Amino acid sequence: MRFLITGGAGFIGSHLAEYLLARGDQVIVLDDLSTGSIENIRHLKSDPRLSYFLEPIENRHVLAELVDEADIVFHLAAAVGVRLIIESPVHTIETNVNGTQLVLEAACKKRKPVFCASTSEVYGKSTHIPFTEDSDLVLGATSKARWSYAASKAVEEFLALSYWKEKRQPVVIGRLFNTVGPRQTGRYGMVLPNFVQQALDRRPLTVFGSGQQSRCFCHVMDSVEAIVRLMSNERAIGEVVNIGSQNEITIEGLARLVKERTGSDSPIQMVPYDEAYEPGFEDMVRRVPSLKKLESLTGFRPQTSLTEIVDRVVAYMTEKQRLMAVAAIASAGE
Ligand code: UDP
């Protein structure tokens with residue numbers, strides 16, 4: 001089979017590419033490297049079954065060509081990360097909604113099945129734990145930039161579902177909960193790579209708000225497994241499915257766990273939301289997925305424990321730091 005992955009040089013996309021190539025499939029990556037990085041796929045470049053195009057998704061001709069070549073499209077290209085959303089809301093809304101529209105339009109010409117990556121952000125401030133796919137979305141005021149991400153992702157979901165209902169374009173929507181693992185960068189505000197980097201640098205671990213807000217962290221390879229299984233199941237077409245784990249922990253608890261696994265003596269520093277993001281910032285207190293639908297469609301439920309996830313991220317970032325130090329010494333000696 002041949003798969004097109006938009007955002008294939010991103011954190012999740014590159015793991016998906018690696019998984020499919022290891023299985024013997026062909027992979028086409030389309031990525032403009034806006035938040036992705038060529039480093040994420042460097043180790044795959046020598047594989048003749050991989051081809052990659054460093055183009056924006058807005059390049060309709062390239063997109064149409066690549067969609068034509070593929071059997072299935074994984075649409076993961078998006079502007080993500082709460083920090084990016086707050087700093088560049090126009091870019092976030094436009095990139096996400098336009099990108100999805102272009103992919104669906106191109107795929108629809110030949111009815112190529114599309115996986116659309118959505119997010120648990122769409123549940124907003126809902127307190128109905130665990131979140132089930134058909135529950136109400138509870139978003140904050142439009143004056144608060146954070147909610148623009150949830151709203152734009154909800155529009156993408158509506159659009160994808162409408163393509164299915166009205167035009168019989170096969171789509172599957174995955175609502176990704178907090179996904180973590182090697183290659184995730186802390187640059188866009190994601191908590192785990194930030195904490196690990198801070199712990200390794202022996203800087204304070206910055207816990208925003210009270211630290212009592214909780215999240216469920218899922219290893220990226222578990223998410224990839226779920227995504228691939230969903231796309232090989234006819235019953236998933238036209239469905240919205242949560243993808244995540246039930247590894248729930250408070251953010252303060254996560255900071256303590258990172259300190260423990262790295263052996264770092266970094267202090268934990270509480271930072272008010274107003275300072276961390278912007279005045280009036282609203283966070284969600286708990287975010288836990290119901291995994292019943294995922295399990296009934298795929299027979300799969302993410303299992304990697306939180307300790308194992310943290311250890312893998314620590315190992316990855318430690319090695320990366322070591323390689324950077326070696327490169328710096330080598331270039332100083334030139
Ligand atoms: N967070 C934190 N310190 C950081 C980065 C994030 O305390 O350096 C908090 C953030 O406010 C949120 C949680 O960690 O409550 C998860 O943040 P992330 O951006 O990783 O994902 P989100 O769940 O907000 O999409």
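Given the structure is predicted, the values throughout are model-derived calculations rather than measurements. Heavy-atom basis, side chains included; hydrogens, waters and symmetry copies ignored. Read the numbers this way: they start at 1 and go in the same order the structure lists the ligands and their atoms.
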Of all residues at least two apart in sequence or in a different chain, which pass the ring-ring contact (aromatic ring centres under 6.0 Å, His included) check with Tyr19?
none

Sequence neighbours excluded, every pair satisfying ring-ring contact (aromatic ring centres under 6.0 Å, His included) that has a member inside residues 45-74
Phe3-Phe74

With sequence neighbours excluded, what pairs up with Gln303 under the side chain to side chain donor-acceptor pair (under 3.5 Å) test?
none

Give the residues near ligand 1 by chain and number, with the criterion being a heavy-atom distance under 4.0 Å.
Val82, Glu121, Arg146, Asn178, Gly189, Met190, Val191, Asn194, Phe195, Thr206, Val207, Phe208, Gln213, Arg215, Ile251, Tyr273, Tyr277, Asp283, Arg287

From the list Leu54, Ile57, Ile5, side chain to side chain contact (heavy atoms under 4.5 Å, CB included) partner of Leu30 resolves to Ile57

Salt-bridged, Glu239 to Lys293, with N to O below 4.0 Å?
yes

Under a plain distance cut-off of 3.5 Å, with no hydrogens placed, do Tyr163 and Arg168 share a side-chain donor-acceptor pair?
no

